[in-house]
Structure formats: C-alpha cells, structure tokens
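Reading through the structure tokens given below for one structure.
We name chains A, B, ... by the order of the sequence lines, and we start the count at 1 in each one.
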Protein chains: 2
Amino acid sequence: MPKLGMEPIRRAALVDATITEIGENGTLDVTVSQIAKRAGMSSALAHHYFGSKEQIFIAAMRHTLSLYGAGVRGALAMTKGPRGRIEAIIRAGFSTTNFRREVVAAWLNFYVLAQANSEARALLLIYQNRMRSNFVHDLRQLVGMRAEGTAERIAGLIDGLYLREALGREVPSGEEATRQVLEALDLEIGFAK
Amino acid sequence: MPKLGMEPIRRAALVDATITEIGENGTLDVTVSQIAKRAGMSSALAHHYFGSKEQIFIAAMRHTLSLYGAGVRGALAMTKGPRGRIEAIIRAGFSTTNFRREVVAAWLNFYVLAQANSEARALLLIYQNRMRSNFVHDLRQLVGMRAEGTAERIAGLIDGLYLREALGREVPSGEEATRQVLEALDLEIGFAK
DNA sequence: GCTTTTATTGACTCGTCAATCAATGAAAAC
DNA sequence: GTTTTCATTGATTGACGAGTCAATAAAAGC
C-alpha cells in the first residue's frame, strides 16, 4: 500500500486541513486528530511529518502567506505605474482567493500565534514589511514625503477591514472592502471626487 | 477569616487577573488556576463565583468594553462640535488606559473568542455598532452623505492600528496612532494640509 | 531473496486541566 | 447557642489530547 513520495502530498493535505479546521472553529484550539482526520490520515502520521502541532501551524501560516505573496506578485506583473501597482496590491489582498472566511479566520489566529511564537511573529513581520516597502516605494512618486504615513494608514486600513470581516456572519465582500481602501487611497493622493 | 461581601471583590480581582494573564501569554490559552493564583485565591473559588472558564472570559471582555465605553463617554462630555467629538472618540481609544500591551492583546483574543462564542460576538458587535453610529452621526455634518463610508474607514483604521500594535515589541504609542487616524480624518473632511 | 527505506497506524503513556465535592471555619440570624 | 448562610480550599474525578512506539507492509536497492 505504501506508495512512495507521499511526503509532499501528506504535508499539503495537512496544511489545507489545518486552515479549514481553524476557519471552522475560529480558534487555534483544534486537535491534531481533527486535522489529521480531515486530511485523511492518522494523527500519528501528522506527527511523523511535522513533529509537533506548532510546526503544523507554522507550515499552514507559511502557506497562507505565500499564497498571498503569489497573488500580489501576479497582480503586480501585469501593471505599470505607481497608482496601478498600489491598486493591484490592494486588490490582491481582497481577491476571492484570499478574502475567504476561513482564510480571514486563519489570519486572525496567526496574529494570536505570533504573540507566543517567535517564528510566527517573524513571518508576520516579514509580510508586513514587504507590504509597507512596496507601498512606500510607489507612494513616493505620488505623495512625496508623505509616503511613509500614507503607507501606514493604507496598510492599517487593510488589516482593520480584515479584522472586521472576521466578525461578520456573511460571506466577505472583497469588492466592498476594495472600494473602501481605494477611496482612502484616492483621498491620500488627492483625487478629489 | 471569611469576611462577608467578598463576591464583588473576588470577581473584580479575577477579571483583572484574566486580562493580565491573557496579555502576558498572548492567548486565551491560560488556565483557571493561573488566573486564580494571580488573583490570590484558589481555582475552586474562581469556579464558585463564575461557574466556568468561559464565563470568566466573558466577564473580562465586558469589563474591557465597559472601560473603553466609559473612556469615550468621558471624553465626549467635555467636547462640542462634530469634529471635536470624533477626535475625542479617537483619542479615548488610544489613551494610555486603553492602548496598553495587555489590553491590546486582550482585544485581539476577544475577537478570537467571538468566533466561537455567540455571547462574545454579540458584545463586540454592540461595541462596533455604537462606535459606527457615533461616527456617522457626527460625520453627517462634516461630509454629508459620505458619512457611512468615512465612518467605516476611520473605524477600520482604528481596528487595524490596534491589530498592528499587537505585533510590535515596543510599548504602544498612542500618540502616533492618534496622529495617524486624525490625519486620515482630516483627509476625509477635506482639511488639506 | 534478503535488506533497507518509506508509509502507516493502533495502542499506549503521561500530563494537564476544567469542574466537582466534601470539609472547615466564621459571621449573621433568630 | 444553635442554625443557617457565606467564604474558602485541598483533594479528586474524568476527559481529553500531544507525542511516542512498536508493529505491519510495501516498495526499492543490491
């Protein structure tokens, strides 16, 4: 029965299951058995591949972050000009892939994880810094020396809308959120409406 | 030894201890014993007064929210005019009482709790709605029909800055955060700088 | 064909922790 | 002064869950 080369498949299945499970329960308070069951294997196997529950979480977080990063890069590749680039980053964050209930719940819980786990914190900081430096770079050409402040506010607003979405009962509306952030962006760069 | 009328004192001590403990660990993953010990009593007594761990959390949340609410009311009482009122609300949120590491961590975790516990969710929604309606009311006179959108953005930014603060290692700077939100507010109401 | 490697799990260990309970003592009520 | 009520805890129960391990089995290597 043992097919060889299962490791990557099992790992991926566990990571997926972890995010779904966190999303469904809204907490990191999920058992390895739950995750393993959803991924279609025994909890022993999950431990075999990841060593500990914490490492499963970290892997799930890495995956979420890298999905997000890929979305941003993809969007950026097709765009030119500072304003367009910023808009692309914003849109990527609220795309249907990223702005889903389970993913939002996972993000929220990753913030909690980052409070206690320095590896998790480091990952989140990398993501934050990358986003900030992207914004600052492009904003410089639009708002000059106000770039830093504007970047903080736009990034902060994005995070805030994510957080608020975590509370809503409905399916997240990426369009609505995108509109809000773009509106704030336009105010910042002085497109009077 | 049993002094009478201990109930309110014990309850308050437990609530305080809960927030501190959540803040210190960054998680809801704290034991009743930890909390009780910090509050200077046995875990049995904690159960005696609150019945369950969940109820301790809810009480801690209620307390945090009502502290916040009191801060806002206090600030509002001394102010007139829509712009001043909005500024007061913002300042109250980032005041040294509310914008402390432990309290920020507690908020973050209350959001997580709200995912799983409908009582917690209801509490948070009340707070959000109150804040939004405050903002909308005052903004109406400043930005007319744009009030709803602006309120969402300002409230979202506030939440976002809270969330981001949870990650920082340093002592939260309420001034900096306040400045950011006020800047966004001024852009919204058209005070070109 | 034997040996090593990879995949896989059921059963088990060991801790931890929420919640309960019976017991103790002290104030208040009567 | 005796009974009730409030305050308090040590000890215990019962569950649950992370992580380990020994055992099984199939592929790959030699």
Side-chain angles (χ1 to χ4, degrees), chain A residues 1-61 109-110 112-113 115-117 119-120, chain B residues 1-22 24-61 109-110 112-113 115-120:
Chain A
M1 222 184 259
K3 272 189 260 187
L4 287 229
M6 289 306 286
E7 175 153 1
I9 295 155
R10 293 306 200 183
R11 288 188 107 100
L14 282 167
V15 162
D16 274 1
T18 303
I19 292 167
T20 312
E21 204 66 28
I22 292 177
E24 207 145 288
N25 299 326
T27 316
L28 293 180
D29 227 327
V30 294
T31 71
V32 174
S33 298
Q34 275 171 47
I35 295 170
K37 185 173 185 186
R38 185 180 289 269
M41 73 196 79
S42 73
S43 72
L45 195 54
H47 276 104
H48 174 64
Y49 283 127
F50 280 102
S52 78
K53 187 179 173 176
E54 209 168 46
Q55 283 309 307
I56 300 180
F57 284 156
I58 299 282
M61 194 168 157
N109 278 285
F110 291 155
V112 171
L113 184 60
Q115 307 276 301
N117 180 302
E119 205 176 342
Chain B
M1 223 184 257
K3 272 188 264 189
L4 286 227
M6 289 305 285
E7 178 155 359
I9 294 153
R10 295 305 201 183
R11 289 186 108 99
L14 283 166
V15 161
D16 274 1
T18 302
I19 292 167
T20 313
E21 203 67 27
I22 292 177
E24 206 147 289
N25 298 326
T27 315
L28 293 180
D29 228 329
V30 294
T31 70
V32 174
S33 298
Q34 276 170 46
I35 295 171
K37 184 173 186 187
R38 185 180 290 269
M41 73 196 80
S42 73
S43 72
L45 195 54
H47 276 103
H48 174 64
Y49 282 127
F50 280 102
S52 78
K53 187 179 175 177
E54 210 167 45
Q55 283 308 307
I56 300 179
F57 285 156
I58 299 282
M61 195 168 155
N109 279 285
F110 290 155
V112 171
L113 183 61
Q115 307 277 300
N117 181 302
S118 57
E119 205 174 342

Is the shortest heavy-atom distance from the side chain of B:Leu14 to the side chain of B:Met41 under 4.5 Å?
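Yes; the side chains approach each other to less than 4.5 Å.
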Nearest whole Å is fine: how far is [N] [atom2] from [X] [atom1]?
X	N	atom1	atom2	result
B:Phe50	D:dA7	CZ	P	13 Å
B:Met6	D:dA7	CE	C1'	8 Å
B:Lys37	C:dT16	NZ	C1'	15 Å
B:Ile56	C:dA18	CD1	P	9 Å
A:Arg11	C:dT6	CZ	P	14 Å
A:Asp29	C:dT16	CG	C1'	13 Å

Using a distance-only test with no angle check, is there a side-chain donor-acceptor pair under 3.5 angstrom linking A:Asn25 and A:Gln34?
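Result is yes, a qualifying pair exists.
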Could you go through the side-chain contact (heavy atoms from CB on, under 4.5 Å) check for A:Phe110 and A:Asn117 one step at a time?
CA-CA 10 Å; A:Phe110 291 155; A:Asn117 180 302; over 6 Å; no
Going by heavy atoms closer than 4.0 Å, what residues in residues 14-28 of chain A are next to DNA chain C?
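Those residues: none at all.
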All N/O pairs under 3.5 Å across the protein-nucleotides 18-23 of chain D interface:
unit_1 : atom_1 : unit_2  : atom_2 : d
D:dA18 : OP1    : A:Lys53 : NZ     : 2.9
D:dA18 : OP2    : A:Val32 : N      : 3.1
D:dG19 : OP2    : A:His47 : NE2    : 3.2
D:dG19 : OP2    : A:Lys53 : N      : 2.9

A:Arg10 vs C:dT6: side-chain N/O to OP1/OP2 distance below 4.0 Å:
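Result: no.
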Are B:Tyr49 and D:dC6 close enough that a side-chain N or O sits under 4.0 Å from OP1 or OP2?
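No, because none of the side-chain N or O atoms of B:Tyr49 sits under 4.0 Å from OP1 or OP2 of D:dC6.
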Dump the intermediate steps for side-chain contact (heavy atoms from CB on, under 4.5 Å) on A:Lys37 and A:Glu21, then the final yes or no.
CA-CA 10 Å; A:Lys37 185 173 185 186; A:Glu21 204 66 28; over 6 Å; no
